[in-house]
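As a basis for the values below, the full set of heavy atoms in this structure was taken, side chains included, without hydrogen atoms, waters or symmetry mates. Residue numbers start from 1 in every chain, and the chains themselves are labelled A, B, ... in the order their sequence lines are given, proteins ahead of strands.
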Protein chains: 2
Amino acid sequence: MKPIFHPDMDGIDAATVFGALADPTRLAIVLALADAEEFEARCGSFTDFASPSLLAYHFAKLREAGITRARAEGTSRFISLRREELDGRFPGLLDSIIATARRDPSLPRISEDKLLAP
Amino acid sequence: MKPIFHPDMDGIDAATVFGALADPTRLAIVLALADAEEFEARCGSFTDFASPSLLAYHFAKLREAGITRARAEGTSRFISLRREELDGRFPGLLDSIIATARRDPSLPRISEDKLLAP
DNA sequence: TCTTAAATTCAACGATCATTGAAATTTGAA
DNA sequence: TTCAAATTTCAATGATCGTTGAATTTAAGA
């Protein structure tokens, strides 16, 4: 019932965004969201990356840095990239981040068809 | 006499680069280097940003993440951006970082003519 | 040689971070 | 109402981070 907090994009500073990306698991989440056909993914799709409670921590970091939004549906949650808003605040940055993540072979990947499966 | 360590760019991963940028002082250093006419700056030019010992810590972080190089001359040191090398590893990233830093008014700035003055 | 200047290194500190496992919350289904 | 699934919250841990101030290094100049 309690709404999910999403920060105003105008208040986001650059160092906070980079801090949210300074972790391979979070970078892998962003990459998976970027490379997926669907624009959102179920939170439970990422259990290959970390334990549920650790994932919740990483999801909160990304959300509080303005990079992702979250939406609740039933007992599930879906997250997606705040593409347009982030591009308004820092034009071109998200695309560059995604391109950078793609170039890093050390990042864990996830098969795309896992992202929405219940 | 002991040479300054510069990591091989191939071994740099994306999360390390973002981690080096997750601090306003280090972002301000990168921004100053990017906006300067000269391609390098004396380390002592940044004392507005932090104390000498704290600056040395930040310089090391940037250097170990592959973002900057350092060169000793007499008792001074000069740092510069590893533009071409970084662009080879992560094309377009540095320009995007610089554009992002420019859009963040909360970052401290330095008058450009301080960067080389002895 | 003695001194000064420029910068780093080191030891310490409190703060934040990533991680774990258990407990709590929320919702839909039996 | 009870149960199970999905996810978060909480408390605790060790590790890393940003910061300070003192000590050290290095090289140039008097």
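One atom, CZ of Phe49(B), and another, C1' of dG18(D), lie 17 Å apart when rounded to the nearest Å. Rounding to whole angstrom units, CD1 of residue Ile79(B) and C1' of dT8(C) are separated by 14 Å. One atom, CG of Leu55(B), and another, P of dG18(D), lie 13 Å apart when rounded to the nearest Å. In this structure, Tyr57(A) places its OH atom 21 Å from C1' of dA6(D), rounding to the nearest Å. To the nearest angstrom, C1' of dG18(D) lies 8 Å from CZ of Arg26(B). The interatomic distance linking Leu54(B) (CG) with dC13(C) (C1') rounds to 14 Å, in whole Å. Look at CZ on Arg63(A): it is 14 Å from P on dT7(D), rounded to the nearest Å. Per the geometry, NZ belonging to Lys61(B) stands 12 Å off P belonging to dT19(D), to the nearest Å.
Within the 4.0 Å cut-off from OP1 or OP2 of dC17(D), not a single side-chain nitrogen or oxygen of His58(B) is found. For dT8(D), the OP1/OP2 oxygens have a side-chain nitrogen or oxygen of Arg77(A) closer than 4.0 Å.
When distances are taken from the side chain of Ser76(A) to each of dT7(D), dT19(C), dA6(C), the shortest belongs to dT7(D). The side chain of Asp23(A) sits closest to dA18(C) out of dC17(D), dA18(C), dT8(C). If you check dT7(D), dT9(C), dT19(C) against the side chain of Arg42(A), the one that comes closest is dT7(D).
A donor-acceptor distance shorter than 3.5 angstrom exists from the side chain of His6(A) to the backbone of Ala70(A), with no hydrogens or angles considered.
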inquiry  = Run the side-chain contact (heavy atoms from CB on, under 4.5 Å) test on Tyr57(B) and Arg26(B) for me, step by step, so that the C-alpha distance in whole Å, both residues' side-chain angles and the decisive distance to 0.1 Å come before the verdict.
reply    = CA-CA 10 Å; Tyr57(B) 168 75; Arg26(B) 293 195 293 265; 4.2 Å; yes
Check against side-chain contact (heavy atoms from CB on, under 4.5 Å), Ile4(A) and Arg77(A) = CA-CA 11 Å; Ile4(A) 303 169; Arg77(A) 276 195 184 200; 3.6 Å; yes
message = Could you walk me through whether Arg83(A) and Leu94(A) satisfy the side-chain contact (heavy atoms from CB on, under 4.5 Å) test, starting with their C-alpha distance in whole Å, then the side-chain angles of each, then the deciding distance to 0.1 Å, before giving a yes or no?
response = CA-CA 7 Å; Arg83(A) 287 185 186 269; Leu94(A) 184 56; 3.9 Å; yes
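Heavy-atom nearest nucleotides on DNA chain C were determined for Gly74(A) and for Ser53(A), and the one closer to the 5' end corresponds to Ser53(A).
Judged by atom type and distance alone, Thr75(A) does not reach the base of dG28(C) through any side-chain donor-acceptor pair under 3.5 Å.
A salt bridge links Asp35(A) with Arg102(A): the distance from a Lys NZ or Arg NE/NH1/NH2 to an Asp or Glu carboxylate oxygen falls below 4.0 Å.
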